[in-house]
Asks: 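Shown below is the structure under consideration.
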Amino acid sequence: MARVGVFICHCGSNIAGKVDVEAVARESASIPGVAYSSHNKYSCSEAGQKTIIDAIKENRLDRVVIGACSPKMHENTFRNTIRQAGLNPYMLEIANLREHVSWVTEDRDAATRKALDLVRSAVGKVAFAKPLTPGKVPVEKRALIIGGGIAGIQAALDIAGMGYEVVLVEREPSIGGRMAQLDKTFPTLDCSACILSPRMVDVAQNPNIRLLSYSEVESVGGYVGNFDVVIRKKARYVNESKCTGCLECVSKCPVRKIPNEFENGKAMRRAIYVPFAQSVPKVPVIDKNHCQYLLSPDPSTIEVKEGERKPRRRCGACKIVCGQDAIDFEQQDEFIKEKFGAIVLATGFNPFDHSKYGEYGAGRIPDVITALDFERMVNSSGPTEGKILRPSNGEKPQRVVFIQCVGSRDEAKGVPYCSRICCMFTAKQAILTREKLPDAEVFVFYMDIRAAGKGYEEFVRRAQMEYGAEYIRGRVSRVYESDGRLIVKAADTLAGLPVEMEADLVVLATGSVAREDAFELASAIGITTDSYGFISEVHPKLKPVEIPREGVFACGACLSPRDIPDTVATAGAVAAKVGILFSKDFLESDPMVAEIDPFKCAACGACVAVCPYSAITMEEFRGKKFAKVNEAMCQGCGTCTAACRPGAAQLKGQTDEQILRSVEAVLQW
Amino acid sequence: MVENPEFKVIGFFCNWCSYAGADLAGNMRLNYPADVRILRIPCTGRMDPLFALKALLEGADGVMVSG
Ligand SMILES: Cc1cc2nc3c(=O)[nH]c(=O)nc-3n(C[C@H](O)[C@H](O)[C@H](O)COP(=O)(O)OP(=O)(O)OC[C@H]3O[C@@H](n4cnc5c(N)ncnc54)[C@H](O)[C@@H]3O)c2cc1C
Ligand code: SF4
Ligand code: SF4
């Protein structure tokens with residue numbers, strides 16, 4: 001007969017405030033199989049755990065039920081506790097009396113009855129638990145980082161710095177991300193390229209880092225310590241090992257009028273190009289949708305009449321000028337299959353699409369631009385070589401108006417959340433405007449100023465006091481053109497008056513949103529996003545960079561909008577977590593996997609067909625066929641167990657018997 | 001029945017989604033009727049129709065499977 005110990009936790013007043021814990025402990029004593037029951041103020045505290053250990057030893061308990069918070073909180077804690085008392089850690093069940101009872105139930109008596117039922121159910125289940133032993137799997141000590149913005153760059157350098165191999169996958173031709181597009185950075189106004197470029201070069205030169213630019217992750221299989229990843233290296237039509245980065249080819253390419261994505265479409269590039277001067281790697285890419293050569297038909301596929309000459313491919317100028325013979329029009333997408341122990345997501349964010357704000361003339365009126373357009377404009381290597389000019393006529397603006405919260409905090413047209421960085425970059429851009437155009441007036445329309453950060457409030461004050469930016473609290477209702485200038489209509493909510501002013505340039509502080517394909521990528525990796533498309537972490541406070549799929553981590557703006565300091569901090573945190581994982585040679589695998597009794601197995605193959613992880617194969621031994629589970633691949637879902645008619649497949653720790661007993665027990669009136 | 005004025009609805013909830021969702025309801029202190037008793041299963045794939053039959057045979061007023 002099992003000897004179950006039941007321990008009911010008060011969780012301070014979290015559970016005891018709604019559930020009569022003493023009554024539950026008292027009643028539990030008469031559940032069949034229970035040899036001991038008690039209650040405890042904080043079971044998870046050191047003293048609480050000691051009480052449990054002592055009670056197990058004194059009462060010769062062989063399995064335990066703890067009525068406490070959700071098993072998602074402390075299951076591992078309590079497994080360790082009972083292990084210390086000499087029990088197998090899997091001889092444990094947790095009754096969720098907090099999240100599922102005390103926090104959601106109004107009536108104290110009803111809560112107490114429900115709590116007792118859940119304890120009964122747990123006792124019923126644990127009574128049929130069997131000791132389980134985790135297996136051992138080796139750890140592949142290489143990290144895959146997806147996204148080469150400042151988040152991915154920092155994580156790569158930190159992980160490589162610990163001596164581990166890193167593969168950094170970036171889908172654009174160069175790493176750098178959004179930070180490479182910025183001019184100066186708040187709150188210290190250091191130049192973005194000056195602090196970023198050295199790190200990009202470090203990535204290229206670090207022997208532990210392999211950079212796969214112009215590449216994307218196709219699929220992710222496997223599990224922590226042993227992910228199987230397929231990476232698509234897109235054809236760049238330039239041989240990376242031959243190219244010296246002289247860019248002679250670029251200057252000879254005749255296709256010149258392609259909007260450069262890096263410049264937000266505000267400057268042109270050629271068909272063969274690097275996105276920006278400091279690109280890493282400094283190897284150009286041929287854009288196959290615009291290259292004359294690649295667009296012209298392949299002569300080998302053209303039939304011609306006798307005597308006629310086959311048409312030749314057009315252009316090919318880059319191939320002719322390249323002294324290194326690096327241009328390779330025959331290049332194909334390459335699929336690289338590799339194993340990784342850990343995966344880091346660092347895919348960043350997009351600016352909000354301002355065209356949803358028709359009333360601001362966004363996308364229609366040339367002198368209404370976005371904050372990112374402005375970053376490129378003030379940057380000396382940008383489309384205007386750093387001059388702030390009205391796009392409509394190329395003249396210097398007399399008055400620049402900034403509008404904050406475009407897309408942010410606007411449930412009707414945008415997103416309900418605050419994008420966190422826009423108050424700060426607007427203050428920065430106001431300062432830069434006044435620095436470059438001391439005679440221009442600067443107005444900022446804001447809802448609230450959110451400048452919580454080291455030196456941030458001071459920075460906004462500087463924009464106002466030192467640089468004379470005029471801040472007006474209120475929402476802009478309309479921007480329209482009139483006589484070659486812009487009219488901005490708003491309400492000053494502090495003065496309670498309508499405002500109408502002329503302006504020459506309007507800059508929209510567009511909020512931050514998730515990358516358009518974030519959900520797709522997350523699904524491919526088997527993780528989730530929140531409703532906005534930002535990657536969901538395990539716990540926003542205590543596990544901010546861990547992702548619910550073990551061995552997967554995330555940093556930077558793909559988690560939520562954030563600035564560079566926070567991005568870099570999370571990148572370092574990820575590196576530490578990967579380091580912890582890689583400090584072990586072996587990982588314990590979850591023992592709650594399926595097993596198939598070959599003597600009961602009818603070899604019907606039902607389990608093989610349903611297993612979503614292809615973990616079951618048919619084996620044969622001395623003429624008898626039976627199904628066998630690969631424990632390393634089994635994810636413990638139990639689908640095979642439900643599908644197996646003879647009951648040969650059983651998910652350990654969740655057997656038919658355990659579940660049926662827990663159903664029976666919860667219904668004992 | 002006198003002791004238990006509530007119904008007893010047995011919920012079989014997937015560990016990864018609905019069970020976590022019920023935890024979230026707790027974290028947000030959303031009150032709901034005490035009639036439902038949630039059992040954690042590792043995945044809705046684990047759900048055997050037998051479990052639902054067993055619950056009904058044992059006197060459950062309803063069965064809920066969520067995942
Ligand atoms: C107008 C503006 C001004 C700003 N000014 C400042 C400032 O002054 N100071 C400050 O601290 N912060 C500023 N920020 C914020 C700053 O840009 C971000 O904090 C920072 O860029 C976040 O870095 P990240 O690496 O997380 O994301 P990103 O910079 O977005 O980088 C993500 C990278 O991942 C790549 N990627 C995306 N998806 C995939 C995929 N599926 N596969 C492979 N690669 C992928 C992208 O191509 C990109 O290179 C500003 C932002 C804006 C919009
Ligand atoms: S000309 Fe050749 S070596 Fe020079 S950048 Fe172009 S591809 Fe590279
Ligand atoms: S438990 Fe799930 S993953 Fe494991 S073998 Fe069965 S069906 Fe496959």
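Because only heavy atoms are used, hydrogens play no part in the values below, and waters and symmetry mates are left out as well, while side chains stay in. In what follows, chains are A, B, ... by sequence order, proteins preceding strands, each numbered from 1. Quick caveat, the model's predicted, so the values are computed rather than measured.
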Asks: Need one label for Asn15(B): side chain, backbone, both or neither, based on atoms under 4.5 Å from any heavy atom in chain A.
Replies: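 For Asn15(B), the contact with chain A is made by backbone and side chain together.
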Asks: For the atom pair CG (Asn96(A)) and SG (Cys69(A)), what is the distance rounded to the nearest 0.5 Å?
Replies: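 Here the rounded value is 7.5 Å.
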Asks: Relative to Trp16(B), does Lys72(A) satisfy both conditions: NZ or CZ under 6.0 angstrom from the six-membered ring centre, and within 45 degrees of the ring's axis?
Replies: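 Yes, Lys72(A) lies over the aromatic ring of Trp16(B).
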Asks: Under a 4.5 Å heavy-atom cut-off, does chain B meet the side chain of Leu118(A), its backbone, both or neither?
Replies: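 For Leu118(A), the side chain is the part near chain B, not the backbone.
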Asks: For Ser121(A), is it the side chain, the backbone, both, or neither that has a heavy atom closer than 4.5 Å to a heavy atom of chain B?
Replies: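 For Ser121(A), side-chain heavy atoms alone lie under 4.5 Å from chain B.
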Asks: If you count heavy-atom pairs under 4.5 Å between each of Arg29(B), Lys54(B), Arg40(B), Met47(B) and chain A, which one has the most?
Replies: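 Of the options given, most contacts go to Arg29(B).
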Asks: Between the side chain of Arg98(A) and the main-chain N/O of Asn27(B), is any donor-acceptor distance below 3.5 Å?
Replies: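 Here the side-chain-to-backbone pair does not exist.
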Asks: Measuring heavy-atom distances to chain A, does Leu30(B) have an atom under 4.5 Å in its side chain, in its backbone, in both, or in neither?
Replies: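 Only the backbone of Leu30(B) comes within 4.5 Å of chain A.
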Asks: With chain B as the partner, which of Met73(A), Glu106(A), Met592(A), His100(A) has the greatest number of non-hydrogen pairs under 4.5 Å?
Replies: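 Maximum pair count with chain B is reached by His100(A).
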Asks: Among the options Ile38(B), Asn31(B), Asp48(B), pick out the one with the most heavy-atom pairs lying under 4.5 Å from chain A.
Replies: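 The residue among Ile38(B), Asn31(B), Asp48(B) with the greatest pair count is Asn31(B).
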Asks: Identify which part of Asp109(A) has an atom lying under 4.5 Å from any heavy atom of chain B, answering side chain, backbone, both or neither.
Replies: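 Looking at Asp109(A), nothing touches chain B.
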Asks: So which part of Tyr19(B) gets closer than 4.5 Å to some heavy atom of chain A, the side chain, the backbone, both or neither?
Replies: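 When you check distances to chain A, atoms from both the backbone and side chain of Tyr19(B) fall under 4.5 Å.
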Asks: For Gly135(A), does its backbone N or O pair with a side-chain atom of Ser589(A) as donor and acceptor, under 3.5 Å?
Replies: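 At least one qualifying donor-acceptor pair exists.
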Asks: Once rounded to the nearest 0.5 Å, what's the spacing between atom CZ of Phe13(B) and atom OG of Ser66(B)?
Replies: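 Phe13(B) CZ to Ser66(B) OG: 5.0 Å, rounded to 0.5 Å.
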Asks: Please classify the contact of Leu24(B) with chain A as side chain, backbone, both or neither, using a heavy-atom distance under 4.5 Å.
Replies: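 Contact with chain A is absent: no heavy atom of Leu24(B) under 4.5 Å.
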Asks: Start with the C-alpha gap between Val19(A) and Val101(A), add the side-chain angles, then the distance that decides, and say whether side chain to side chain contact (heavy atoms under 4.5 Å, CB included) holds.
Replies: CA-CA 8 Å; Val19(A) 171; Val101(A) 183; 3.8 Å; yes
Asks: Would one find more than 12 heavy atoms of other residues, nucleotides or ligands at under 6.0 Å from atom CE of Met64(B)?
Replies: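 Count not over threshold, so no.
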